[in-house]
Amino acid sequence: MLFDRYIAEKQRKAFINLCTRNDSMRLAHEVLPTNCDAECDICYESPDIPEHRLDIYNLKGTTVGDTAFFLIHGGAFVYGYKELDKNFGMNLAVFSSIPVVNVNYHLLPVKSLAGILKDLCSAVDFIAKQRGINKFHLIGDSAGGYLAVMLACLLRSKSVRHDIGVFITSDVEVISVNSICGVYEGNTRKFPGYFFRKPASSDDGDIDIPEYIFDLRNIIRRTGLPRTCLITGDKDFLHSNNVRMRDFLIEQGIPVKFYNAISSETHSAEHVFAISDPAWQESHTALKLIIDNAVG
């Protein structure tokens, strides 16, 4: 077990260093849409905690109603922040004319997976109560894709919320789920699944999660899903994981749209390509499919 932790911690640090270098270069050259209003760093729970902040993006000239996308960034559960998905989120708001809520949350291993889900449920509760948004199109990339599917299951099932120790008092509806190069299976012996469990030093009510959480197919059998969109690419290292999830959803009778982007001579359909390269035509196609899934 000590060896497992050593390996997981080594992989966590290496992953964060790699992502930090790549994302700093990407963000420095991003050009954000000018026809989108952005209300940033809204506190949804604790005002002095950066992880408890969210943004709301909205096409200029339109009003925020009762429906929004709820965007969850990726980063293997151990890295990331909402600004990584800001460009994508603003483009999604512009092209769909639907507001986008882009959310921060605690990362592993500071919190367990249950702690992350508590943050997301708290953000949903806040948006519903304070902004009147109670209908959601959940969307995430990579680990955020897992969290979008997981959050949909939580919001559809009081018993699952009880199992994980999360609560929501607002009456909300999940209309669609959308996952960009998502991960749907975990392993408690390997990174990042090793950190899903409650930290040994935790004394703030963070709890361990039930075994059925490690493979989302198990929980989906309990709760079902609304119409779902899965995006992947031919160079996505999670391509086969997305294909397996597509086939499973079809078997379960859940409406699913599936898009496998193909690399070109100038662009590679790698992991979360729609986030890292939103101007590419394949990314536009993915965006359109997500919007089509949302509006039905």
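Numbers here simply count residues along the sequence, with the first being 1. FYI, side chains are in, hydrogens and waters are out, and symmetry mates aren't considered; it's all heavy atoms of this structure.
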Task: Connected-component partners of I175 among ILVMFWY, side-chain separation under 4.5 Å - done: none

TODO: Scan residues 19-58 for pairs that pass ring-ring contact (aromatic ring centres under 6.0 Å, His included), counting only residues two or more places apart or in two chains.
DONE: Y44-H52, H52-H106

- [ ] Just jot down the salt bridge (charged side-chain N to carboxylate O under 4.0 Å, His left out) partners of E185, sequence neighbours excluded, or say none.
- [x] R217, R244

Open item on the list: Using 30° and 60° as the class boundaries, would you call the ring planes of F77 and Y146 parallel, tilted or perpendicular?
Closed with: perpendicular

TODO: Could you work out the complete set of other residues in the hydrophobic cluster of I49, with links drawn between I, L, V, M, F, W and Y side chains under 4.5 Å apart?
DONE: none

TODO: Just jot down the side-chain contact (heavy atoms from CB on, under 4.5 Å) partners of R222, sequence neighbours excluded, or say none.
DONE: D163, Y212

Task: Residue list, side-chain hydrogen bond (donor to acceptor under 3.5 Å, both in side chains) with E83, at least two apart or on another chain - done: none

TODO: Among residues two or more places apart or on two chains, list those pairs meeting salt bridge (charged side-chain N to carboxylate O under 4.0 Å, His left out) that have a residue in residues 224-236.
DONE: none

Open item on the list: Is it true that, when you exclude K60 itself, more than 12 heavy atoms of the residues, nucleotides or ligands shown sit nearer than 6.0 Å to its NZ?
Closed with: yes

Task: Pair listing, ring-ring contact (aromatic ring centres under 6.0 Å, His included) test, anchored in residues 228-258, at least two apart - done: F237-H271

Task: Whether T20 side chain and I16 backbone form a donor-acceptor pair below 3.5 Å - done: yes

Task: Sequence-distant partners of R161, salt bridge (charged side-chain N to carboxylate O under 4.0 Å, His left out), two or more places apart - done: none

- [ ] Please list, chain by chain and in numerical order, all residues satisfying side-chain contact (heavy atoms from CB on, under 4.5 Å) with L71, sequence neighbours excluded.
- [x] D85, F88, V100, N102, I139

Task: Residues forming a salt bridge (charged side-chain N to carboxylate O under 4.0 Å, His left out) with K82, sequence neighbours excluded - done: D41, D55

TODO: Fit a plane to each ring of H284 and F95, take the angle between them on a 0 to 90° scale, and name the class: parallel (under 30°), tilted (30 to 60°) or perpendicular (over 60°).
DONE: tilted

Open item on the list: For D277, give me all partners under salt bridge (charged side-chain N to carboxylate O under 4.0 Å, His left out), at least two apart in sequence or on another chain.
Closed with: none

